[in-house]
Amino acid sequence: MKQQLINLITQSLQSLALDQNDLPKISIERTRSKEHGDFACNIALMLAKPLKKNPLEIAEIIKNHIPANDAIERIDIAPPGFINFYLAKSSYHQLLKTILMQQTQFGTSTVGNNKKVLIEFVSANPTGPLHVGHGRGAAYGASLANLLKTVGFNVETEYYVNDAGRQMDILALSIWLRYLQSNHCLVPFPNNAYQGDYVRDIAHELSEKHGKQLMTTPDIFPEELTSEAATQNDPEGTMDQLIALAKSTLGAENYQVVFNAGLSNILDDIRQDLTEFGVDFTHWFSERSLTNTKLETAIAALKKADYLYQKEGAWWFRATDFGDTKNRVVIRENGQPTYFASDIAYHFDKLSRGYDQLVNIWGADHHGYIPRIQAALQALTGSSDKLNVRLVQFAILYRGNERLSMSTRSGSFVTLRQLREEVSNDAARFFYVMRKPDQHLDFDLELAKKHTKDNPVYYIQYAHARIASVVRNLATTAPNWHWEQINDLNVLSEEEENSLMRLIAKYPEHIESAANQCDPHIIAHYLQELSAQFHAYYNTHKVLVEDQKIRDARLLLIMAIQQVIANGLAILGVSAPEVM
RNA sequence: GCCCUGAUAGCUCAGGUGGAUAGAGCGUCUGCCUCCUAAGCGGAAGGCCGCAGGUUCAACUCCUGCUCAGGGCACCA
């Protein structure tokens, strides 16, 4: 429609005999208020200066030269010089039938051009269950994936499993210590080991499977590793020594037994949790699968292009060449690669898989890391727009006035599973994405559970269910009724009806801009507005009236609304119930 | 010190790549169920869009400076 209007104006502009250089870009916008028609054009305002004429006069000339068109009912000029277009009713009537015909396809487009996009998100360390902070990334990533698919991208999703680092060793140690404790070997449990009950569960399972195979005696733990003083003076150093002790006591094979028990147990739990939450991944990429070869290949690529140099025994990446604040170590003095190095290798691997665009969704606490990873990608690809990093701010959970804290190690966190069970998947998915991601989110558990209009999820779902109910009622009096038989929609003349048709006509535009900005919350807000208008309409005008013409036209309208709500909710990962 | 993100109604937040009179919800006050789901609707009150400049026909929106709030600045992962 916009393009059509632009064409009409372009034709009209020829009458002004303009110098090509004066010709600004023609932009057509939706009007904010219906008193200004459906679309507005500011071209006359832009031309006022070069033409040295009153914008109102210019607008008048343009208006008079616009060719007649069936889709346009009327054109108005408004001060200070806007040209307002009013669409013909018939184009809206046609839209209702289009929506019912296209069903779930309404709102989809091909602007993504089938480009391959990889969205990496959640990627939480497999050292414990997902907590509510991860939930926001999960909900946002899944909705963004749906959104980009809707506008025609070829989307894949990926979870990067950090199964190689020190945190995993701490987990293995924690499990082993719990195992020893449950087998009456009295060893102390450090404060900075993983405290959660799930560690005990995994240890218990280990006992059942492997009996006493992993046992030892308390006397192998030297005093300096177990005393209060030692753990307080250098807690992290003590942990490292305990890990070394575990490795040497258990031997490589048995250590792997403990390690793998932790990893597979927790990863299974995370997988199941996310699946139940409606969040699916195309790939689960293991950090350990980044072999030395892959790492060396990536490092070699950088070395070859002279982006690495040696200083103080370590290898440094020239990140400042690409706008980072300082250069970064990739290979330590001791020859070990840094985490940054394996991240480079990981992204090098992503690139080799042929994606047109990479999207990473990270917690806001990682933002300082962005310049260096962008720098690395720029060094590897020569382009700076291959990777798009979206930051997600923390979600702060409230129960009444109590602010709930989260910390995986202390074990006092609220898990995503607990949250889902308490407020339902639908409410959780909606609440997580109703705020834009770079805004702090206050997640109110009490509100999410309310079954009133205060709760936006139920408000929207209720609109959908109400429409479904009307359609069910119709079936009792007119079982053979079908929308395709309805052709006369001219009886839709109420103010609320016009307004609703205008609103659903905007749905595809909202989808497109939400996708452009990677902002699913736009859809959440749109659905709230649409639902509000529907509820108001429902209360003032009865649908199933005596007059069949009016009844049929109104049915078509509300069924179209129902379809739009269903489509929007699907993108957000929220169900659209028929009955509530 | 440097960097990022915010600052809009009493509260929580929307306000495409500048447009016409800045919008919702909650809360407050107050009406509506012999009628398709009251998990709903209507009405009222509530604003110097953090402050000060600048660009523009036009600034909540863009630029600069400042104030305040949260976060980040490792040869940790």
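Chain letters run A, B, ... following the sequence lines, proteins first and then strands; every chain starts at 1.
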### Task
Identify the nucleotide, in any strand shown, that forms a Watson-Crick or G-U wobble pair with B:A44, with both distances under 3.5 Å; if there is none, say none.
B:U28
#### Entry: Any strand: nucleotide that pairs with B:G65 via Watson-Crick or wobble, under 3.5 Å
B:C51
### Message
Can you identify which nucleotide, out of B:C41, B:A39, B:C75, has its nearest atom closest to the A:Ala536 side chain?
### Response
B:C41
### Task
Verify whether the ring centers belonging to A:Tyr526 and A:Tyr507 lie closer than 6.0 Å.
yes
### Task
In whole angstrom, give me the gap between the C1' atoms of B:G18 and B:A39.
41 Å
### Query
Which residue, A:Ile83 or A:His366, contacts RNA chain B at a nucleotide closer to its 5' end, judged by nearest heavy atom?
A:Ile83
### Task
Among the candidates B:C13, B:A39, B:A77, find the nucleotide nearest to the side-chain atoms of A:Tyr369.
B:A77
### Sugar-phosphate, base or nothing in reach of A:His541, heavy atoms under 4.0 Å
base
### Query
B:U5, B:U37, B:A77: which one has an atom nearest the side-chain heavy atoms of A:Gln393?
B:U5
### Task
Would you indicate what A:Lys326 reaches in the nucleic acid, counting non-hydrogen atoms under 4.0 angstrom: base, sugar-phosphate, or nothing?
sugar-phosphate
### Task
Pick base, sugar-phosphate or nothing for A:Ala40, based on heavy-atom distances below 4.0 Å to the nucleic acid.
base
### Task
Could you tell me which nucleotide pairs with B:A59 by Watson-Crick or G-U wobble geometry, both distances under 3.5 Å, or answer none if nothing does?
none
### Query
Counting only heavy atoms not in A:Lys449, do more than 12 sit closer than 6.0 Å to its NZ atom?
yes
### Task
Indicate, with a heavy-atom threshold strictly under 4.0 Å, whether A:Ala463 touches base, sugar-phosphate, or nothing.
nothing
## Note on the structure
Of the listed B:G16, B:C73, B:C36, the closest approach to the A:Asn473 side chain comes from B:C36
### Query
Across the strands shown, which category fits A:Thr325 at heavy-atom distances under 4.0 angstrom: base, sugar-phosphate, nothing?
nothing
### Message
Roughly how many Å apart are B:U61 and B:G50, using the C1' atom of each and rounding to a whole number?
### Response
16 Å
### Task
Give the intermediate values and the outcome of side chain to side chain contact (heavy atoms under 4.5 Å, CB included) for residues A:Leu295 and A:Tyr346.
CA-CA 8 Å; A:Leu295 209 123; A:Tyr346 173 44; over 6 Å; no
### Query
Does the ring centre of A:Trp362 sit less than 6.0 Å away from the ring centre of A:Tyr369?
yes
### Query
When rounded to the nearest Å, what value does the distance between C1' atoms of B:G25 and B:G16 take?
23 Å
### Query
Hey, are the side chains of A:Pro190 and A:Thr238 touching, using non-hydrogen atoms and a 4.5 Å cut-off?
no
### Task
Could you give the distance separating B:U67 and B:C51 at their C1' atoms, to the nearest angstrom?
7 Å
### No-H, no-angle donor-acceptor pair, A:Asn42 side chain to B:G19 base, under 3.5 Å
yes
### Message
Taking only side-chain N and O atoms of A:Arg332, does any of them lie within less than 4.0 angstrom of OP1 or OP2 on B:A77?
### Response
yes
### Message
Heavy atoms only, 4.0 Å cut-off, all strands: where does A:His36 land among base, sugar-phosphate and nothing?
### Response
base
### Query
Between A:Tyr309 and A:Phe317, does the ring centroid distance fall short of 6.0 Å?
no
### Query
Has A:Phe82 got its ring stacked on B:A20, by the test of a centre gap below 5.5 Å and a plane angle below 30°?
yes
### Query
What about A:His367: does its side chain form a donor-acceptor pair under 3.5 Å with the base of B:G72?
no
### Task
Remember a base hit wins even if backbone is also touched, and classify A:Ala314 as base, sugar-phosphate or nothing at under 4.0 Å, heavy atoms.
base
### Task
Tell me what A:Glu312 touches on the nucleic acid: a base, only sugar-phosphate, or nothing, going by heavy atoms under 4.0 Å.
base
### Task
Any strand is fair game: report the nucleotide pairing with B:C2 by Watson-Crick or G-U wobble, both distances under 3.5 Å, or none.
B:G72
### Query
C1' atom, B:C48 versus B:A9: distance in rounded Å?
13 Å
### Query
Has the side chain of A:Asp519 got a donor or acceptor atom sitting under 3.5 Å from an opposite partner on the base of B:A14?
no
### Message
Between A:Arg554 and B:C36, is there a contact of a side-chain N or O with OP1 or OP2 at under 4.0 Å?
### Response
no
### Task
Would you mind classifying the nucleic acid contact of A:Ala465 as base, sugar-phosphate or nothing, using non-hydrogen atoms under 4.0 angstrom?
base
### Message
So A:Val579, base contact, sugar-phosphate only, or nothing? Heavy-atom distance under 4.0 Å.
### Response
base
### Query
Under 4.0 Å between a side-chain N/O of A:Arg30 and OP1 or OP2 of B:G19, yes or no?
no
### Message
Measuring only the C1' atom in each nucleotide, how far is B:A44 from B:G54? A whole number of Å is fine.
### Response
41 Å
#### Entry: A:Tyr432/A:Phe443 aromatic ring centres below 6.0 Å
yes
### Query
What is the base-pairing partner of B:C33, counting Watson-Crick and G-U wobble geometry with both distances under 3.5 Å?
none
### Query
Looking across every strand, which nucleic acid part, if any, lies under 4.0 Å from A:Tyr459 by heavy atom: base, sugar-phosphate, or nothing?
sugar-phosphate
### Message
Using whole Å, what does the distance between atom C1' of nucleotide B:G15 and atom NZ of A:Lys506 come to?
### Response
13 Å
### Summary
Applying the 3.5 Å cut-off to both distances, the Watson-Crick or G-U partner of B:A9 turns out to be none
### Query
Are A:Arg166 and A:Glu236 ion-paired here, with the side-chain N under 4.0 Å from a carboxylate O?
yes
### Message
I want to verify the glycosidic state of B:G16; is it syn or anti under the 90° rule?
### Response
syn
### Task
Using only side-chain N and O atoms of A:His521, determine if any of them is under 4.0 Å from OP1 or OP2 of B:G15.
yes
### Task
Name the residue closer to the 5' end of RNA chain B, choosing between A:Asn84 and A:Ala532 according to the nucleotide with the nearest heavy atom.
A:Asn84
#### Entry: Side-chain N,O (A:Ser513) to OP1/OP2 (B:G16) below 4.0 Å
no
### Task
From the options B:A14, B:C41, B:U37, select the nucleotide whose nearest atom is closest to the side chain of A:Arg472.
B:U37
### Task
Find out whether A:Val564 and A:Phe534 are in side-chain contact, i.e. whether some heavy atom of one side chain is under 4.5 Å from a heavy atom of the other.
no
